[in-house]
Amino acid sequence: MTTYWLAPQVYDPGHDAIQEGARLLRDGELVAFPTETVYGLGADARNTQAVENIFTAKGRPSDNPLIVHIADMEMLDELAERVDPISMRLAEAFWPGPLTLVLPLRQGVLSPMVTAGLDTVAVRMPDHPVALSLIAASGCPVAAPSANRSGRPSPTLAKHVREDLDGRIAGLLDGGPTGVGLESTVAMADASGRVHVLRPGGITPEELARVSGCPVELAGEGGAAAAGTVTVNRVEDGLLERHPGQGQREDSFRPRAPGMKYTHYAPKGQLTVVKGADPLAVVQTIVQLLDQDRKAGARTAVLAPREHAPRYEGAADLILPCGSLEDVELAGRELFAALRRMDEEGIAVSYSEAFPEEGIGLAVMNRLLKAAGHRVLEV
Ligand code: TXA
Ligand code: MG
């Protein structure tokens, strides 16, 4: 693939790299580009062959629909049959930004591959100058999932895209590190005036409630982060055992964001999230488990907020500081790169401290739990 490096502040549809990317999109090719959340893998959403190529390049199941990216409100009118007043209020408040709205699809304007045959379409206007100028220059509605191989953590750097998709796509616009680091919030307003969060992300439920003035509901029992949780209990000999938790299991979970049912972000080794009200007990438990794992010959890692990371010195082969207790947004920016590091370093067993599930922490925990295959140890 050809990589075009661009200063992140470029907002110039006339720039050579943007023009080249736009030409490739119009020609039905795949182009990866930065957004404020994660890198996206773009294709002309009207071109079925191009959209099919996205699924092939990613190895993504074709029943998982894609988000369509737009650069202005006229494009929204072309895609959505109608935009209800609540969705309009949310779009006006948060676009461009990390919010995806699920709306009734205007028939015949997109390849049916984009929406996996649904009669709704997920739309967002990304808050990144390179993304906006690329979409505007192409003149296409741009279907773009995260630019990773299916199952891998979403890319927050151009090099992550190269690692996963080199040789599979035509171009990559490198705009440096992405901002939010987690994918957009996917939300849908229903006819009764409720807003459903189908996937937590960069815009928090609190923000959605404040702007819409509507009740906000999280998809899945106990919230999206808890859906499908498997509780891991310690047994006497100190080993870990899996027990089905209270949440609905992945196999029976019928999500409205079809992508939520798939395994995501999982490192090759086994990751367990350790949770508890007493931070000291969490650290002690993790240190004890790391000790057993190392004695068994496993290469180990621990992921923890900066304040706690030094406590694991000498206990794990790799310590991955991720955000801080004061700054959970930073954890969002650093999480995916940390998960990728585990594989780069050949980690067989890893533990992560849990993050507070407030604000953006809800999205951080949602991704972390998915990465752990919902393996949770409560202490
Ligand atoms: O931040 C993001 O949203 C990134 C960047 C590139 O924009 N994109 C992204 O796309 O995360 P993807 O394909 O990895 O995730 C799209 C999510 C999936 O969970 C999918 O099931 C859901 O949106 N989705 C798409 N269309 C939908 C629809 N019509 N109804 C409900 N959920 C939908
Ligand atoms: Mg994705």
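Start at 1 and go down the list; that is how both ligands and their atoms are numbered. We're numbering straight along the sequence, starting at 1. The model shown is predicted, which means the values in this text are computed figures rather than measured ones.
Close N/O approach between Arg199 and ligand 1 is found [any backbone or side-chain N/O within under 3.5 Å]. Between Arg60 and ligand 1, an N or O atom pair is found at a separation short of 3.5 Å. Backbone and side-chain nitrogen or oxygen atoms of Thr100 are examined, and none is located within less than 3.5 angstrom of a nitrogen or oxygen of ligand 1. By the 3.5 Å distance cut-off applied to N or O atoms, His69 is counted among the residues near ligand 1.
Contacts with ligand 1 closer than 4.0 Å are made by no heavy atom of Leu41, backbone or side chain. Using a 4.0 Å cut-off between heavy atoms, Thr120 contacts ligand 1 through both its backbone and its side chain.
Using modelled atom types and a 3.5 Å distance limit, the side chains of Thr56 and Arg168 yield no donor-acceptor pair. Donor-acceptor pairing under 3.5 Å is recorded for the side chains of Thr204 and Glu207. In the model, Tyr351 has a side-chain atom that pairs as donor or acceptor with a side-chain atom of Asp293 under 3.5 Å. Residues Ser184 and Arg199 bring a donor and an acceptor atom of their side chains to less than 3.5 Å of each other. Remark: the Glu183 side chain and the Ser154 side chain contain an N/O donor-acceptor pair separated by less than 3.5 Å.
For a distance bound of 2.8 Å, the N, O or S atoms of Ser146 include one lying that close to the Mg ion (ligand 2).
The shell of residues lying under 4.0 angstrom from ligand 1, judged by heavy atoms, includes Arg124. Ligand 1 is never approached by Thr115 to a heavy-atom distance shorter than 4.0 Å. Ligand 1 has at least one atom lying under 4.0 Å from a heavy atom of Ala144.
When each of Leu173, Leu41, Leu132 is paired with Phe33, the side-chain contact (heavy atoms from CB on, under 4.5 Å) condition holds for Leu173 and for no other.
Using a cutoff of 4.0 Å between basic side-chain nitrogens and carboxylate oxygens, Glu163 and Arg340 are scored as salt-bridged.
With contacts defined as side-chain heavy-atom distances shorter than 4.5 Å, the pair Leu325/His308 qualifies. Within the 4.5 Å cutoff, side-chain heavy atoms of Ile169 are placed close to those of Val161.
Distances from atom 10 (O) of ligand 1 to the heavy atoms of Pro98, Ser184, Pro145, Gly181 show the closest one on Pro145. Taking only non-hydrogen atoms, the option from Pro65, Gly202, Ser154, Ala143 nearest to atom 27 (C) of ligand 1 is Pro65.
Within ligand 1, the atoms closer than 4.0 Å to a non-hydrogen atom of Gly40 are 6 (C), numbered from 1 in the order shown. Residue Val102 approaches ligand 1 through these ligand atoms, each under 4.0 Å from one of its heavy atoms: 30 (N), 31 (C).
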